[in-house]
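Data first, discussion second: the structure below is written as structure tokens.
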Amino acid sequence: VLRLTDIICAVVPVGLFFGRLANFVNGELFGRATDKPWGVLFPYGGEFPRHPSQLYEAALEGVLLTVILAFLLHRCAIRERPGLISAIFLLGYAVSRMIVEFFREPDPQIGFILGVFTMGQVLCLPMVVGAAILILYALRKGRAISS
């Protein structure tokens, strides 16, 4: 099963990239108001320019994560450890999402949690823990298989 999830996770960032571009084109999931020169006026984003957080996510979750996973997939030591690519994807996605959430507008029905964090950031914490557990498992299991 973990070898299959590794294959799937190796290509998921490509889909995330195109999905985030579609969010940008549709004016969905826009960022917080900004005075930066690259701020974008979204049709339903109000009168102030907003961070194009969809493009930030496309860059981190799509491009950067694809490059990292492609690099790692060319390493035999990584491929011999089922679940390691899945774990690295999960960790990379969670960290990327946590970073971008600082620029995204929080869900209006939820707002900020503890006055600082968004629900997206809170939901990334279990992904980080799961990724860490899976990394440890893959490193131990892979070592046992190759011994």
| field | Pairs touching residues 112-139 that satisfy salt bridge (Lys or Arg N to Asp or Glu O under 4.0 Å), sequence neighbours left out | value | none
| Donor-acceptor under 3.5 Å (Glu61 side chain, Tyr93 main chain) | no
| message | Would you compute the distance between atom CZ of Phe117 and atom CD1 of Ile110 and round it to the nearest 0.5 angstrom? | response | 15.5 Å
| query | Is the count of non-hydrogen atoms from other residues, nucleotides or ligands lying under 6.0 Å from Phe112 atom CZ greater than 12? | reply | yes
| said: With a 4.5 Å cut-off on side-chain heavy-atom distances among I, L, V, M, F, W and Y, is there a chain of contacts connecting Val14 to Phe17? | reply: yes
| task | Measure the CG-SG distance between Leu65 and Cys9 for me, rounded to the nearest 0.5 Å. | result | 9.0 Å
| field | Distance in Å, Arg50 CZ paired with Phe42 CZ, rounded so as to fall on 0.5 Å steps | value | 9.0 Å
| remark: Across all chains, not counting sequence neighbours, the side chain to side chain donor-acceptor pair (under 3.5 Å) partners of Ser96 are none
| To the nearest 0.5 Å, what is the distance between CD1 (Ile88) and CG (Leu91)? | 8.0 Å
| request: Taking all heavy atoms of Ala138 and all of Pro82, pick out the closest pair and write down the distance. | output: CB-O, 3.4 Å
| said: Working to the nearest 0.5 angstrom, can you tell me the gap between Ile85 CD1 and Leu73 CG? | reply: 4.0 Å
| So, for Asn23 and Gln54, which heavy atoms are closest and what is the spacing to 0.1 Å? | O-NE2, 3.7 Å
| message | I'd like to check Thr118 versus Ile113 (side-chain heavy atoms, cut-off strictly below 4.5 Å). Are they in contact? | response | no
| Below 4.5 Å, heavy atoms only, C-beta onward: do Phe89 and Leu69 meet side chain to side chain? | yes
| Counterpart residues, side chain to side chain donor-acceptor pair (under 3.5 Å), relative to Ser53 (two or more places apart) | none
| Val129-Val95 co-clustered via ILVMFWY side chain contacts under 4.5 Å | no
| query | Leu125, Phe102: one ILVMFWY side-chain cluster at the under-4.5 Å cut-off? | reply | yes
| task | Measure the spacing between CG of Leu16 and CG of Leu60 and express it to the nearest 0.5 Å. | result | 11.5 Å
| task | Work out which heavy atom in Cys124 is nearest to a heavy atom in Ala94; give both atom names and the distance. | result | SG-O, 3.6 Å
| said: Could you report the tightest heavy-atom contact between Val40 and Pro52, atom names first, then the distance? | reply: CG2-CB, 4.0 Å
| Co-membership, hydrophobic cluster, residues Leu55 and Tyr44, 4.5 Å side-chain | no
| remark: Sorted by chain and residue number, the ring pair (Phe, Tyr, Trp, His ring centres under 6.0 Å) partners of Phe103 (sequence neighbours excluded) come out as His51, Tyr56
| Which pair of heavy atoms, one from Leu29 and one from Arg104, lies closest together, and at what distance? | CD2-NH2, 3.3 Å
| field | Hydrophobic cluster identity match, Val116 and Val100, side-chain contacts under 4.5 Å | value | no
| query | What pair of heavy atoms forms the shortest contact from Phe48 to Leu41, and how long is it? | reply | C-CD2, 3.5 Å
| remark: Residue pairs meeting salt bridge (Lys or Arg N to Asp or Glu O under 4.0 Å), one or both in residues 62-71, sequence neighbours left out, come to none
| request: Taking the six-membered ring of Phe24 (Phe, Tyr or Trp), confirm whether the NZ or CZ of Arg20 is under 6.0 Å from its centre and within 45° of its axis. | output: no
| message | As a test of understanding, state which of Thr5, Leu2, Leu90 forms a side-chain contact (heavy atoms from CB on, under 4.5 Å) with Leu134. | response | Leu2
| query | side-chain contact (heavy atoms from CB on, under 4.5 Å) with Arg81: which of Ile135, Asp6, Leu139? | reply | Leu139
| task | Only counting residues at least two apart or in another chain, list the ones meeting salt bridge (charged side-chain N to carboxylate O under 4.0 Å, His left out) with Arg97. | result | Glu57, Glu101
